Visitor: 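A single structure is presented below for examination.
This structure is a prediction, so every number in the text was calculated from the model and none was measured.
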Amino acid sequence: MCFACSPFAGALGTALSRRSILKHTVAGFAWAGVAGATRSFVCISAEAATQNVDTLYAGGPIVTLNDSQPTAEAVLVRGGRIVAVGARGEVESQAKGPIETVDLKGRALLPGFVDPHGHVVMVGLQALAANLLPAPDGAGNSIPALQRILRDWSTKNGKIIERYGVIIGFGYDDSQLEEQRHPTRADLDAVSSDIPILIVHQSGHLGVLNSKALDGAGVTRSTPDPPGGAFRREADEAFPNGVCEEAAFFAAAGKLLGRLDAQAYLEMIKAGAAFYASFGYTTVQEGRAMPGSATMLARAGEAGLLDVDVVVYPDIFQSLEEIVPSRDYKNRVRVGGAKATIDGSPQGKTAFLSQAYYKPPEGQGPDYRGYAAITKEQIVEAVDLAFTNGWQIITHANGDAAVDWLIEAVGDATAKHGPGDRRAVLIHGQTTRLDQLPRLKELALLPSFFPMHTYYWGDWHRNSVLGPERAERISPCNSARKLGMIFTSHHDAPVANPDAIRVLSATVTRVTRSGYVLGPEERVNTLTALKAMTIWPAVQYFEEASKGTIEPGKLADFVILSADPLTVSPEDLITLKVVETIKEGKSVYKAA
């Protein structure tokens, strides 16, 4: 499920467009240092930086993910690019001067992870807001726990509240709360009835506002449900209970977050990029840039706030003027193409399915199948527009009914414009049916699956969302491979932390929180899972010539892991640690 709350960024961008946007440096940001308190960032030695010394990596397993040379003893780097890979003596002989040696000390060197879908700006907001995630990523496992976390955050962040007039919490998940329900405005009013409170569901497709926030957003008893969204109501009257879905949530939250300024926005971007780097990612995505977001990301690049590459996909319906794709990065930022969104979230029960939900949400009948956020005509027109202009288009479609719409739209556009190397992407495709896979292959529609869902919400899908049979087939990675298709594997951060190790483990094991193996036939081996996080996302980005494997001529984008994932048992993959992240030969994250 795509983190479609990126409209928050749109509201902020719209507010900023009415002001002058000045360049900012890290110093002086209101939230500076909050997200990075537990992380350490380092660079290569001053000698290597000033004398252009070659760097040699050796002393541990080197997993190249290059099929023609899967392993090596050493890697030589010069000027941010890989010069040689192979036996240590042969590699050292290609040095042109002094060598700085990085001793891996038995740890594994791999290509840097390439994020095929996430939202770096909102990861920054998550990093700076109250952490409402449930275990293992937080302590938000009950409504009293959420209230306690919000109170503690408010006590520690009084200056932020004073400046922006809102308390923000991120990542609550009703499926993991002891009460098995969403918090309501009354629950949040118990934290504060004087300050607006906004908390975001872990899916990013729903959220809760307290009474003061509802007032600030102009939501009253008479406010109608917008197209593609809904205000949940109290049982004994029509007044909104604070829980808002999809378009209703985005509009209400946007009004509150429009209070944030350029300073806060840039600090969010900086924090988000740094957080990604701490999980081994060297290329990340802003997967639905709303108006103003692409501009602010470019500003962040100009200010030197980005240590990793960012690929931006402006929303095709709301940010059309910002869709100016380029294959070249400028200050670590480029626009990759356009983003479209068809439906919502399966765990939030707003994804558009062809069959009814196993247990419909409160207030819905037994035939409830979710809904589309747009019309069928809109996605057909969007894909045609992208094909007409030669843009890559990535499309959020979670429910299989939404996938049907996308297949039809890409089929129509392909018939009209002819074949071409467009690399259109299906984002999520959680409930993609097996009969839809051959059509995806025929249309060269690359699936970017979300197998990490099997861990976080696998039990919820079995017991409430899809039922035992349909839940087994979510993110059908192995079925795609059997057809000769490649796929990419993502985390959709901030829906979950951009935890590459969790992505890897879930793609290989499909083990749920309870320990159940969800859809064992859709598991893949570790090598396949690693390719879905490195070389195949590089293909998705048209960047396979410079990223995704360790071979001469490519960028020196690496991650050092605590052990070789190819020699670790599947059940122990989750114990791997990111030791260091290296972008073009420069260390941008090192574990404390």
Side-chain angles (χ1 to χ4, degrees), residues 1-8 10 173-175 181-182 200-208 219 223-233 238 240-254 288 290 315-318 339-383 395-409 426-433 436 450 453 457 460-461 464-467 470-471 474 492 495:
M1 109 280 26
C2 175
F3 189 73
C5 66
S6 292
F8 296 171
D173 183 358
D174 57 306
S175 75
R181 67 172 177 84
H182 291 269
V200 184
H201 188 262
Q202 191 171 1
S203 71
H205 287 255
L206 305 92
V208 189
V219 178
T223 302
D225 291 344
F231 296 104
R232 295 191 183 181
R233 311 278 173 169
N241 71 358
V243 181
C244 311
E245 299 179 4
E246 301 291 344
F249 176 52
F250 304 148
R288 190 187 181 191
M290 302 303 281
D315 184 275
I316 198 166
F317 301 112
Q318 301 187 54
K339 171 68 179 294
T341 300
I342 296 178
D343 66 344
S345 151
Q347 77 269 38
K349 299 186 179 179
T350 58
F352 183 30
L353 304 179
S354 64
Q355 300 178 53
Y357 279 87
Y358 189 62
K359 293 181 180 179
E362 184 179 354
Q364 300 292 343
D367 296 329
Y368 174 78
R369 300 188 294 122
Y371 49 87
I374 58 174
T375 65
K376 189 175 183 179
E377 291 71 24
Q378 282 179 297
I379 189 60
V380 169
E381 292 172 1
V383 173
T395 304
H396 167 121
N398 253 316
D400 60 325
V403 175
D404 278 332
W405 281 17
L406 178 60
I407 288 172
E408 183 174 339
L426 163 61
I427 298 294
H428 309 315
Q430 291 269 48
T431 60
T432 299
R433 304 187 307 270
Q436 292 173 323
F450 196 175
H453 242 256
W457 295 285
W460 180 242
H461 287 321
S464 184
V465 178
L466 299 170
R470 280 187 291 167
I474 65 169
D492 198 22
V495 168

Visitor: For F249 and G204, which heavy atoms make the closest approach, and how far apart are they?
Guide: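 Minimum heavy-atom separation between F249 and G204: CE2-O, 4.2 Å.
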Visitor: What is the distance from atom NZ of K339 to atom CZ of R288, rounded to the nearest 0.5 Å?
Guide: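 Output value for this atom pair is 6.5 Å.
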Visitor: Could D343 and R369 be called an ion pair, given the rule that one side-chain N must be under 4.0 Å from one carboxylate O?
Guide: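 Looking at D343 and R369, the cut-off is not met.
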Visitor: Quick one: CG on D400 to CD on Q355, what's the gap to the nearest 0.5 Å?
Guide: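 Here the rounded value is 7.0 Å.
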Visitor: What verdict does the side-chain hydrogen bond (donor to acceptor under 3.5 Å, both in side chains) test give for E245 and T350, after you've listed the backbone C-alpha separation in whole Å, the side-chain angles of each residue and the deciding distance to 0.1 Å?
Guide: CA-CA 8 Å; E245 299 179 4; T350 58; over 6 Å; no
Visitor: Tell me, do L206 and E246 make a side-chain contact under 4.5 Å, heavy atoms counted?
Guide: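 No, their side chains stay 4.5 Å or more apart.
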Visitor: Backbone N or O of N398 within a donor-acceptor pair of the T431 side chain at under 3.5 Å?
Guide: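 A pair under 3.5 Å: yes.
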Visitor: For a 4.5 angstrom cut-off between non-hydrogen side-chain atoms, does P240 reach R233?
Guide: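 Yes, close enough: below the 4.5 Å cut-off.
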Visitor: Can you tell me how far the CG atom of L466 sits from the CD atom of Q430, to the nearest 0.5 Å?
Guide: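 It is 9.0 Å, given to the nearest 0.5 Å.
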Visitor: Find out whether F231 and P226 are in side-chain contact, i.e. whether some heavy atom of one side chain is under 4.5 Å from a heavy atom of the other.
Guide: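 Contact flag for F231/P226 side chains = yes.
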Visitor: Looking at CZ of R470 and OG of S354, how far apart are the two atoms once the value is rounded to the nearest 0.5 Å?
Guide: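 The OG atom of S354 is 7.0 Å from CZ of R470, to the nearest 0.5 Å.
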Visitor: In the structure I gave you, are the side-chain heavy atoms of V243 and R181 within less than 4.5 Å of one another anywhere?
Guide: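 Counting from C-beta outward, V243 and R181 never come under 4.5 Å.
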Visitor: Distance-only, no hydrogens or angles: does the H396 side chain make a donor-acceptor pair with backbone N or O of G344 under 3.5 Å?
Guide: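 At least one qualifying donor-acceptor pair exists.
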Visitor: Would you call W405 and V383 a side-chain contact if the rule is heavy atoms closer than 4.5 Å?
Guide: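 A side-chain contact is absent here, since even the closest heavy-atom pair is not under 4.5 Å.
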Visitor: Rounded to the nearest 0.5 Å, what separation is found between the OG1 atom of T395 and the CD1 atom of I407?
Guide: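 Atom-to-atom, T395:OG1 and I407:CD1 are 11.5 Å apart.
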Visitor: Given W457 and H453, is the ring-ring contact (aromatic ring centres under 6.0 Å, His included) satisfied, shown in steps?
Guide: CA-CA 5 Å; W457 295 285; H453 242 256; 4.5 Å; yes
Visitor: Using the ring of each side chain (for Trp, its six-membered ring), is Y371 parallel, tilted or perpendicular to Y368, with breaks at 30° and 60°?
Guide: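 The rings of Y371 and Y368 stand perpendicular, inter-plane angle above 60°.
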Visitor: Would a 4.5 Å heavy-atom cut-off, applied to side chains only, mark H428 and P346 as touching?
Guide: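 A side-chain contact under 4.5 Å is absent here.
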Visitor: Of the non-hydrogen atoms in Q318 and D315, which two are nearest, and what is the gap between them?
Guide: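 Looks like N-OD1, 2.8 Å.
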Visitor: Within a strict 4.5 Å, meaning less than it, do heavy atoms of the Q364 and K349 side chains meet?
Guide: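 Contact flag for Q364/K349 side chains = no.
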Visitor: Is there side-chain contact between Y357 and V465, with at least one heavy-atom pair below 4.5 Å?
Guide: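 Heavy-atom side-chain distance check passes, below 4.5 Å.
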Visitor: What are the two closest heavy atoms between I342 and A397, and how far apart are they?
Guide: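 Nearest heavy atoms, I342 then A397: CD1-CB, 4.3 Å.
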Visitor: Distance check, rounded to the nearest 0.5 Å: Q202 atom CD versus Q347 atom CD?
Guide: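 With rounding to 0.5 Å, CD (Q202) is 7.5 Å from CD (Q347).
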